[in-house]
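These notes concern the structure reproduced below.
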Amino acid sequence: METTVTKPYVIGLDLGGTNAVFGIVDKDANIVAQTSVKTQKYNTVEAFVEECVNALKPIIEEVGGIEKIQGMGIGAPNGNYHRGTIELAPNLVWAKGKIVPLAEMFSKQLGLRVALTNDANAAALGEMTYGIAKGMKDFIVITLGTGVGSGIVVNGELLYGHDGFAGELGHVTIVRGEEGRLCGCGRKGCLEAYCSATGVARTAREILASDSRPSSLREIALEKIESYDVYKAAVQGDAIANEIFAFTGKMLGEACADFAVFSSPEAFIFFGGLAKSGDVLMNHIKKAYDEHVLNIFRGKAKFLLSSLDGAGAAVLGAAALGWKA
């Protein structure tokens with residue numbers, strides 16, 4: 001009688017604009033080995049993948065070799081789950097203007113099944129597999145970092161759409177017309193232009209430039225203000241900093257009220273650096289949501305912070321995809 005060998009680990013790759021971080025992960029969400037490669041150091045994807053495989057070999061041996069690895073998951077900007085490709089990613093030197101078959105390239109090099117999705121979808125998978133969304137079948141993860149991303153889970157399945165790019169809620173237009181801020185995508189008025197960490201810093205610069213009230217933020221050069229500076233000022237009672245978070249939370253809450261109509265989620269789960277501001281931001285989101293949501297949805301959705309806090313969160317999200325590869 002043939003015995004099925006259980007493979008106890010997967011590889012997760014969080015592919016960022018600066019670093020590609022790899023983790024070997026077990027089913028209990030422990031990152032048992034980790035390594036990284038500089039993403040922008042290589043001009044071609046072939047050179048990048050070769051260096052990644054060289055970096056992976058020692059940590060794979062640490063866990064007993066490739067035969068112990070079930071598969072690999074990749075969370076990447078502009079990642080297409082259906083095709084296993086990164087498509088026209090503007091912030092990756094070796095992918096700009098190109099369609100890169102990254103999953104296939106790693107699969108051939110490592111002899112593993114490899115799946116790829118965008119980074120926000122990976123975050124949603126991580127929450128569903130390891131985190132606060134365990135047992136939930138309908139929820140939306142909103143990632144608040146340099147940009148605003150989202151992973152939408154409906155009936156226990158990630159929403160990908162026919163082309164693999166569904167669920168880009170960060171690029172819903174929240175301010176229409178020419179007065180909308182220019183977004184990195186080239187359009188005006190996107191949610192990302194206001195509610196990302198970069199958007200918060202931009203709001204701070206705009207308010208400080210037009211408002212003469214005192215603020216501790218004035219001790220920082222306008223061009224150097226970051227969202228974390230605004231958070232620190234807000235918790236110390238700075239009026240302008242709190243106004244910035246009120247503005248940001250109002251926009252996010254109103255957007256979530258619109259999103260509820262689409263999929264009636266059990267929960268909105270916030271993930272990423274800006275989400276770590278906790279109640280300073282969340283209280284404003286909940287207030288605006290309650291004021292704007294359709295009556296039939298009022299009081300039903302939970303507003304939660306990711307339970308996958310820390311540097312390994314994005315790796316765990318990618319690793320969750322590895323079990324399904």
Side-chain angles (χ1 to χ4, degrees), residues 77-78 88 90-91 118-120 140-152 159 161 165-213 215 217 222-223 225-231 233-234 238-263 265 268-275 277 280-294 297-298 301 303:
N78 290 45
L88 315 178
N91 297 320
N118 80 31
D119 36 18
I140 297 176
V141 169
I142 296 176
T143 61
L144 302 173
T146 306
V148 174
S150 61
I152 304 170
L159 185 70
F165 286 110
E168 287 289 348
L169 298 180
H171 295 287
V172 167
T173 304
I174 198 78
V175 177
R176 297 198 176 273
E178 285 304 305
E179 68 272 19
R181 286 181 186 170
L182 183 64
C183 180
C185 73
R187 298 161 69 239
K188 285 189 173 181
C190 292
L191 184 67
E192 179 172 297
Y194 295 89
C195 298
S196 61
T198 354
V200 168
R202 186 169 174 180
T203 301
R205 287 192 286 274
E206 288 178 0
I207 291 178
L208 288 166
S210 63
D211 190 317
S212 60
R213 283 178 294 165
S215 169
L217 292 170
L222 276 182
E223 69 278 6
I225 291 174
E226 296 182 352
S227 61
Y228 184 60
D229 299 316
V230 182
Y231 166 72
D238 187 286
I240 286 181
N242 277 293
E243 187 176 304
I244 293 162
F245 270 100
F247 172 80
T248 307
K250 182 176 184 291
M251 284 214 159
L252 274 169
E254 290 176 4
C256 288
D258 288 340
F259 303 157
V261 175
F262 165 67
S263 64
F268 292 94
I269 300 167
F270 294 86
F271 180 98
L274 189 56
S277 56
V280 173
L281 179 63
M282 293 293 285
N283 287 341
H284 295 295
I285 294 173
K286 293 174 191 173
K287 181 176 184 290
Y289 179 86
D290 287 340
E291 288 173 355
H292 291 88
V293 74
L294 193 65
F297 299 111
R298 185 170 283 111
F303 285 78

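Side chains included, hydrogens not; waters and symmetry mates left out as well; all remaining heavy atoms used. Everything quoted here is computed from the prediction, not taken from an experiment.
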Taking the six-membered ring for Trp, are Phe268 and Phe303 parallel (under 30°), tilted (30 to 60°) or perpendicular (over 60°)?
-> parallel
Would you say Lys286 has more than 12 foreign heavy atoms packed within less than 6.0 Å of its NZ?
-> yes
State whether the number of non-hydrogen atoms from other residues, nucleotides or ligands found under 6.0 Å of Tyr228 atom OH is greater than 12.
-> no
Donor-acceptor contact present, side-chain Arg187 to main-chain His171, <3.5 Å = yes
Tightest non-hydrogen contact, residues Phe245 and Ser277, listed as CE2-OG, 3.7 Å
Got a donor-acceptor contact below 3.5 angstrom from the Glu192 side chain to the Gly170 backbone?
-> no
Determine whether Val200 and Ile244 make a side-chain contact, defined as any pair of heavy atoms from C-beta on separated by less than 4.5 Å.
-> yes
Taking only residues two or more places apart in sequence, or in another chain, which ones meet Thr146 in a side chain to side chain donor-acceptor pair (under 3.5 Å)?
-> none
Report yes or no: does Ser196 contribute a side-chain atom to a donor-acceptor pair with the main-chain N or O of Gly147 at less than 3.5 Å?
-> no
Any donor-acceptor N/O pair, Asn242 side chain to Asp238 backbone, under 3.5 Å | yes
Taking all atoms of both residues into account, what is the closest heavy-atom pair of Asn118 and Glu168, and its distance?
-> ND2-OE2, 3.7 Å
Going by the salt bridge (Lys or Arg N to Asp or Glu O under 4.0 Å) test, which pairs reach into residues 204-213, not counting sequence neighbours?
-> Arg181-Glu206, Arg202-Glu206, Asp211-Arg213, Arg213-Glu243
Using modelled atom types only, decide if a donor and an acceptor are shared between the side chain of Ser215 and the backbone of Leu217 within a distance under 3.5 Å.
-> yes
Kindly indicate, with the supporting measurements, whether the criterion side-chain contact (heavy atoms from CB on, under 4.5 Å) is fulfilled by Ile142 and Cys256.
-> CA-CA 10 Å; Ile142 296 176; Cys256 288; 3.8 Å; yes
Residue pair Ile269, Ile140: steps toward the side-chain contact (heavy atoms from CB on, under 4.5 Å) verdict = CA-CA 6 Å; Ile269 300 167; Ile140 297 176; over 6 Å; no
Please check if the side chain of Ser150 supplies one atom and the backbone of Gly167 the other of a donor-acceptor pair under 3.5 Å.
-> yes
Under a 4.5 Å cut-off applied to non-hydrogen side-chain atoms, are Phe270 and Leu144 in contact?
-> yes
For Gly161 against Ala166, the heavy-atom pair lying closest together = N-CB, 3.5 Å
Shortest non-hydrogen separation from Val280 to Ala234 and the atoms involved = CG1-CB, 4.0 Å
Neighbour count >12 (heavy atoms, 6.0 Å) for atom CD, Glu178 = no
Is there a side-chain contact between Thr143 and Asp119 (heavy atoms, below 4.5 Å)?
-> no
Please report the shortest heavy-atom distance between Cys195 and Leu274, naming the atom on each side.
-> O-CD2, 3.3 Å
Answer whether the closest heavy-atom distance between the side chains of His284 and Lys250 falls below 4.5 Å.
-> no
Gap between atom OG1 of Thr203 and atom CD1 of Ile240 - 0.5 Å precision = 12.5 Å
Distance in Å, Phe297 CZ paired with Asp290 CG, rounded so as to fall on 0.5 Å steps = 14.0 Å
Can you name the closest pair of heavy atoms from Tyr194 and Gly180 and give their distance?
-> OH-CA, 3.5 Å
So among Val141, Ile152, Asp258, Leu191, which one has a side-chain contact (heavy atoms from CB on, under 4.5 Å) with Leu169?
-> Ile152
